[in-house]
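This report refers to the structure that appears directly beneath it.
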There are 2 protein chains.
Amino acid sequence: MSKLRHSRLDCTPGCMVEATLALIDGKWKGVILSHLLEGTLRFSELRRRMPGVTQRMLTNQLRELEADGLIDRTIHAQVPPRVDYSLTERGHSLREVLDALRLWGEIHIGLFAQPKAAA
Amino acid sequence: MSKLRHSRLDCTPGCMVEATLALIDGKWKGVILSHLLEGTLRFSELRRRMPGVTQRMLTNQLRELEADGLIDRTIHAQVPPRVDYSLTERGHSLREVLDALRLWGEIHIGLFAQPKAAA
DNA sequence: CTGGATCCCGGGCGATACTG
DNA sequence: CAGTATCGCCCGGGATCCAG
């Protein structure tokens, strides 16, 4: 597991929330997972779809997602190296969570999103 | 808004996911929100319920949550100062999201990813 | 094409001390 | 009780170069 900050024994409200957050949080994981929800992608494809992320970070985040068992990394032994990334079953199971996050964002942040006004 | 890393204009898959994550992410926000879901709490009560967090960070996170319109901060003019924190309507609307996160964690982490307990 | 290794900087975050 | 102010460490993460 990448980073579970505080002891996961203090399961006061929020423990599991934090535990799950620790998996999908991380600067680019949410975006990566969202992209992979649409299907398998190779490294260069992910890069192209995420202009803002550096190659270092992309590799980094992918490794963490892999370590957390959320994505599979398939290396094809070819002269031009090729690596495919796809969601594991566990990864796919996050769809509902990601959908919940996206849905809330669309409703409560939308396009203008009053950070405090709203009320 | 506390920290929306990349332009929220590049709404490729994951944009809203990240936007929402930016609000509830942040080391302690998930836990804070979870606690406040149970009702209004004053500063010291929150501290007591979250042994691991420093006073500085707690204040910090509470301020960000307030700036994002997720919680209300009520100051009572008393000799022993007293400040109550409670969820705004917007904050309460996160319940489903937090529930989704917690539920996923309980199912996909709680069962087999446990260090020793579990099984 | 994929990704490792290095250098380096800003800031996140903890510890501590002070205030109203 | 509920913060604010200051110092300092650590590391996340960008840029760059190298390798299979």
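Order of the sequence lines fixes the chain letters, A, B, ..., with proteins taken first and strands second; residue numbering starts at 1 for each chain.
Dashed line: the shortest gap from a side-chain N or O of A/Arg73 to OP1 or OP2 of C/dG3 is under 4.0 Å. A sub-4.0 Å separation between OP1 or OP2 of D/dG14 and a side-chain N or O of A/Lys27 is present.
Nucleic acid contact class of A/Arg47 (heavy atoms, under 4.0 Å, all strands): none.
As a whole-Å value, the separation of A/Met50 CE from C/dT2 P is 14 Å. Rounded to an integer number of Å, the gap from CE of B/Met57 to P of D/dT6 is 19 Å. Between B/Leu58 atom CG and C/dT16 atom C1' there is a gap of 17 Å when expressed in whole angstrom units. The separation between B/His76 atom NE2 and D/dC1 atom C1' is 13 Å, rounded to whole Å. Rounded to an integer number of Å, the gap from CD of B/Glu66 to P of D/dG3 is 9 Å. Spacing between atom CG of B/Asn60 and atom P of D/dG3 amounts to 12 Å, rounded to whole angstrom units. When rounded to the nearest whole Å, the span between CD1 of B/Ile75 and C1' of C/dG20 equals 12 Å. One interatomic measurement links the two molecules: CG of B/Asp84 to P of D/dC1, which rounds to 14 Å at whole-angstrom precision.
By the side-chain hydrogen bond (donor to acceptor under 3.5 Å, both in side chains) test, A/Arg56 pairs with no residue at all, sequence neighbours left out. In this structure, the side chain to side chain contact (heavy atoms under 4.5 Å, CB included) partners of A/Leu37, at least two apart in sequence or on a different chain, are A/Leu87, A/His92, A/Arg95, A/Leu98. By the side-chain hydrogen bond (donor to acceptor under 3.5 Å, both in side chains) test, A/Arg63 pairs with no residue at all, sequence neighbours left out.
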Review point. Please walk me through it: do B/Tyr85 and B/Leu41 pass side-chain contact (heavy atoms from CB on, under 4.5 Å)?
Key: CA-CA 5 Å; B/Tyr85 291 94; B/Leu41 289 174; 5.6 Å; no
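Here the closest non-hydrogen pair linking A/Ile24 and B/Leu21 is O-CD1, 3.9 Å. Across all their heavy atoms, B/Lys29 and B/Asp68 have their closest contact at NZ-OD2, 4.1 Å. Residues A/Gly69 and A/Thr88 approach most closely at O-OG1, 2.7 Å, considering heavy atoms. What you find for A/Gly14 and B/Ser34 is that their closest heavy atoms are CA-OG, 3.4 Å.
Through direct or indirect side-chain contacts shorter than 4.5 Å among Ile, Leu, Val, Met, Phe, Trp and Tyr, B/Val79 is connected to no other residue.
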Practice item. Could you run through nucleotides 15-20 of chain D and give me one letter per nucleotide, 5' to 3': B if any protein heavy atom sits under 4.0 Å from the base, S if only the sugar-phosphate is that close, - if neither? Key: B----B
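When the side chains of ILVMFWY residues are joined at heavy-atom separations under 4.5 Å, either directly or via intervening members, A/Val17 and B/Leu58 end up in a single hydrophobic cluster.
The 5' end of DNA chain D is approached more closely, in terms of each residue's nearest nucleotide, by B/Leu62 than by the other of B/Leu62 and A/Gln61.
The salt bridge (Lys or Arg N to Asp or Glu O under 4.0 Å) pairs that include a residue from residues 38-47 of chain B are B/Glu38-B/Arg49, where partners are two or more places apart or lie in different chains. Sorted by first then second residue, the salt bridge (Lys or Arg N to Asp or Glu O under 4.0 Å) pairs that include residues 79-88 of chain A, not counting sequence neighbours, are A/Arg82-A/Asp84.
Of the residues in residues 35-44 of chain A, those lying under 4.0 Å from DNA chain C by heavy-atom distance are A/Arg42, A/Phe43, A/Ser44.
When the local axes at the two ends of the helix from C/dC1-D/dG20 to C/dG20-D/dC1 are compared, using 5 base pairs at each end, they differ in direction by 50° after rounding to 10°.
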